[in-house]
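Heads up, the thing below is written out as structure tokens.
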Amino acid sequence: MNAFSRTIAVVGTAMFLSGQPILTMAATPAQLESETLHQNTVPVSPTQPQAIAVDLSLDSSEAAAIDGMEQVTSISQLTDVELSDWAFQALQSLVERYGCIVGYPDKTFLGNRALTRYEFAAGLKSCVDRIDELLTSSTADLVKKEDLLALQRLQEEFAAELATIGGRVEALGTRTATLEKQQFSPTTKLNGLAWFNLTGAFAGGDVRFEALPNTPVDARFVGGRDATGRPLVQTTDRAEPTLSALTWLTLNTSFTGKDTLAVQLAAGNGISSINQFVSAGFFATYGNPYTDQTPGTVPGRSDVVIQDLYYSFPLTDAIKLTVGPRINWFSYFDFNRFTFFLTGASSYASISSTQTSATFWGSGAVLEWNINPKWRFAAAYLGESVPYLPASFGYNTASNPSAGLFGGTYAATAELTYSPTDQLNLRFRYNYTRLQAYGGQVGGSNAVPLPYGYVDAGPGSSIFDPITGSVTSGGLDYAIAHTFAFNLDWLITPGFGVFGRYSYGNTNLKPIDQAVNVQSFQVGVAFPDLGKKGALGAITFVAPMDIVNGRQYFVAGGGNGGTIYELEASYYYPLNDRLAIVPAFYAIFNANNFDSNPNLYVGNLRAQFSF
């Protein structure tokens, strides 16, 4: 029983325990005539005192005060109870002999407040329980016989109300237990990110790239050879600045407080200026700011797509499982404190290894195991389900019944992270990948570890017909790849850190059983809290695609044997908790693997909003 019920009932109880007539209020009948009596009240007879009940209504401030009642151990603690009060002796008996009274935090008793029969019964039950405790303890001799007789009379008088209270408490307990078993109260939180990207790219002369003739930048998704078997080469010398937007809205729902159902919606219209200069298969790769992108299947069109859809839940305190039809691979692997795209490095080629996974987004499962504070293990199997690749062209193989989870493009990943200190992280990763061929060619953004361009069965394949504009089959069915990668970040001092990555991939082309080997690397320095707490400056040097052997199989992207290099400088500067600006500058050498190409330069300024 709460403090409120005990307090408002105690005066009437006190009268019985002191031999007074059966009057349940600390007020005279004349005083009670001025009170508002409700449906559950009993009228007062001036000549024959009896149990009186008044329905007491409290406003929110009074209820809050009642909740804060405190136990009184001496009548002198009650500031509004005087020695001359007619109920003083009864109150003193209950306080100091039986401990049945509680007062308000301000040391008042408010003895003139009216109460209902049920409230009085609740107070009576409290005192009965208290006296029962005294009877079963060493202080049983404190209970007087006349008090017990008075309590017996009260219990008989309020038998119905006491039974009702007991029944209500029992029913409430049953209902509470039922609600606890059946409760389903998910909590959903909305988080959002929005970016504005102003990007410009320029070159010092004509830039050579490999693609079909007269192919716009947003349609360079296949390579071709001339009649002699050489890749087709085009040139351009200029690109216009672009202003684009990207928005992610994420709904995170939890059913137990430990699990997460994530749904992320994305829309954007970015086609970064650098894409004007790139070979087929290099769309949105080197020199491209990561947030300057189109999440949908039509580059430049702001379609709303489901980018993430998965459910994560703990198996044990140390192991978590994530399952879903569209899981972001980067959320679980290849993390680096200095290249995280929200607060660190900026371009596609620098925020992660270019030889990561063919399933940037995929259908399947991810298992995370935090072995101890120094060791973490993660493994995944994901079938390709990339939101920006159109299913009409044969992509999104995981949901296509002709390919499914195991017959199209898929990747199995395992990564072990060792953190000997809070400042140093070392990550070792292995990927096994099956790459589906399209039109007899393997390539594009879902062909890691190539990692870019297109490969075919070699000269004699993918011949372009200038009259029809068509390309013969590239001669490949699929490819099997193995990738080994290493990643580190080291905060040497609070204001200085270093980071780096190295990856090596072997891709075996089927059915010709020939190998293409490609490596990539990244080294960089970082300056945390540069100019402001939370800011981060980063300089990184990247080789996004160095072809070790098998260049003859590249129908686009192989160049003349050169190696692309990219130098990037970026500065993340938070204006406040919700807004940041990030200027970045990139210089690209040997673009498209042509060592004869002029240098390319990219400038990007992005505004980043979070809510």
Side-chain angles (χ1 to χ4, degrees), residues 210-212 215-225 279-285 293-301 303 305-307 309 324-329 356-364 381-412 431-457 461-465 468-481 507-512 516 553-557:
E210 294 169 322
L212 300 183
T215 305
V217 63
D218 58 348
R220 295 178 191 169
F221 302 130
V222 65
R225 298 179 185 269
S279 292
F282 278 42
F283 186 81
T285 56
Q293 61 170 275
T294 301
T297 59
V298 181
R301 194 171 75 184
D303 295 333
V305 300
I306 296 178
Q307 187 163 264
L309 180 57
R326 186 156 281 171
I327 299 172
N328 188 338
W329 185 92
T356 50
S357 173
T359 53
F360 294 167
W361 277 270
S363 301
Y381 180 92
L382 298 176
E384 182 263 316
S385 181
V386 179
Y388 54 78
L389 296 178
S392 58
F393 289 178
Y395 297 102
N396 283 284
T397 56
S399 59
N400 186 336
S402 66
L405 282 173
F406 308 106
T409 296
Y410 60 78
N431 268 40
Y432 175 87
T433 309
R434 184 189 188 277
L435 305 170
Q436 181 65 39
Y438 301 96
Q441 297 181 8
V442 171
S445 62
N446 71 328
V448 173
L450 285 176
Y452 307 129
Y454 287 96
V455 295
D456 61 10
S461 305
S462 306
I463 302 300
F464 173 71
D465 185 340
T468 63
S470 62
V471 177
T472 63
S473 173
L476 299 181
D477 296 331
Y478 65 96
I480 297 296
T507 304
N508 191 270
L509 309 178
K510 301 294 185 178
I512 64 174
V516 175
Y553 300 107
F554 277 87
V555 65

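Every heavy atom of this structure was used, including side-chain atoms; hydrogens, water molecules and symmetry mates were not. Quantities reported herein were computed from a predicted structural model and do not represent experimental measurements.
- Between the side chain of Ser279 and the backbone N or O of Glu210 there is at least one donor-acceptor pair closer than 3.5 Å.
- With a 6.0 Å cutoff to the six-membered ring centre and a 45° limit on the axis angle, Arg434 counts as a cation-pi contact of Tyr478.
- Residues Thr356 and Trp329 form a side-chain contact, since some pair of their non-hydrogen atoms from C-beta on lies under 4.5 Å apart.
- Heavy atoms from other residues, nucleotides or ligands lying under 6.0 Å from CD1 of Ile306 number 12 at most.
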Original post:
Does the pair Ile463 and Val471 meet the rule for a side chain to side chain contact (heavy atoms under 4.5 Å, CB included), with working shown?
Top reply: CA-CA 5 Å; Ile463 302 300; Val471 177; over 6 Å; no
**OP:** Tell me, with the steps shown, if Tyr395 and Tyr438 meet ring pair (Phe, Tyr, Trp, His ring centres under 6.0 Å).
**Re:** CA-CA 9 Å; Tyr395 297 102; Tyr438 301 96; 4.5 Å; yes
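- The shortest heavy-atom contact between Thr294 and Gly300 is OG1-N, 2.9 Å.
- You'll find the side chain of Asn396 reaches within 4.5 Å of the side chain of Glu384, heavy atoms only.
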Subject >> Full working for side chain to side chain contact (heavy atoms under 4.5 Å, CB included) between Leu212 and Phe464 >> reply: CA-CA 8 Å; Leu212 300 183; Phe464 173 71; 3.9 Å; yes
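- When side chains are defined from C-beta on, Ser363 counts as touching Leu405, because their heavy atoms get closer than 4.5 Å.
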Subject >> Stepwise side chain to side chain contact (heavy atoms under 4.5 Å, CB included) test for Leu476 and Ile512 >> reply: CA-CA 8 Å; Leu476 299 181; Ile512 64 174; 4.2 Å; yes
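- For the pair Phe554 and Leu450, the tightest heavy-atom approach, listed with the atom from each and the gap, is CZ-O, 4.4 Å.
- Contact annotation: the side chain of Asn446 never approaches that of Thr359 to less than 4.5 Å [non-hydrogen atoms, C-beta and beyond].
- For the pair Leu509/Val516, a side-chain contact is recorded, criterion being any heavy-atom separation below 4.5 Å from C-beta on.
- Ring-centre distance between Tyr388 and Phe360: not below the 6.0 Å cut-off.
- A ring-centre distance under 6.0 Å is found for Phe406 and Tyr381.
- Closest approach of Thr297 to Pro387, counting heavy atoms only: CG2-O, 3.4 Å.
- Taking the side chain as every heavy atom from C-beta outward, Asp477 and Gln436 never approach each other to under 4.5 Å.
- Ser462 and Arg225 share no side-chain donor-acceptor pair at under 3.5 Å.
- Using modelled atom types, no side-chain atom of Thr433 and backbone atom of Ala358 make a donor-acceptor pair closer than 3.5 Å.
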**OP:** Would you please test Ser385 and Arg326 for side chain to side chain donor-acceptor pair (under 3.5 Å) and show each step?
**Re:** CA-CA 6 Å; Ser385 181; Arg326 186 156 281 171; 3.2 Å; yes
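- No side-chain heavy atom of Val455 sits under 4.5 Å from any side-chain heavy atom of Val555.
- Shortest non-hydrogen contact noted between Asn431 and Ala411 is ND2-CB, 4.4 Å.
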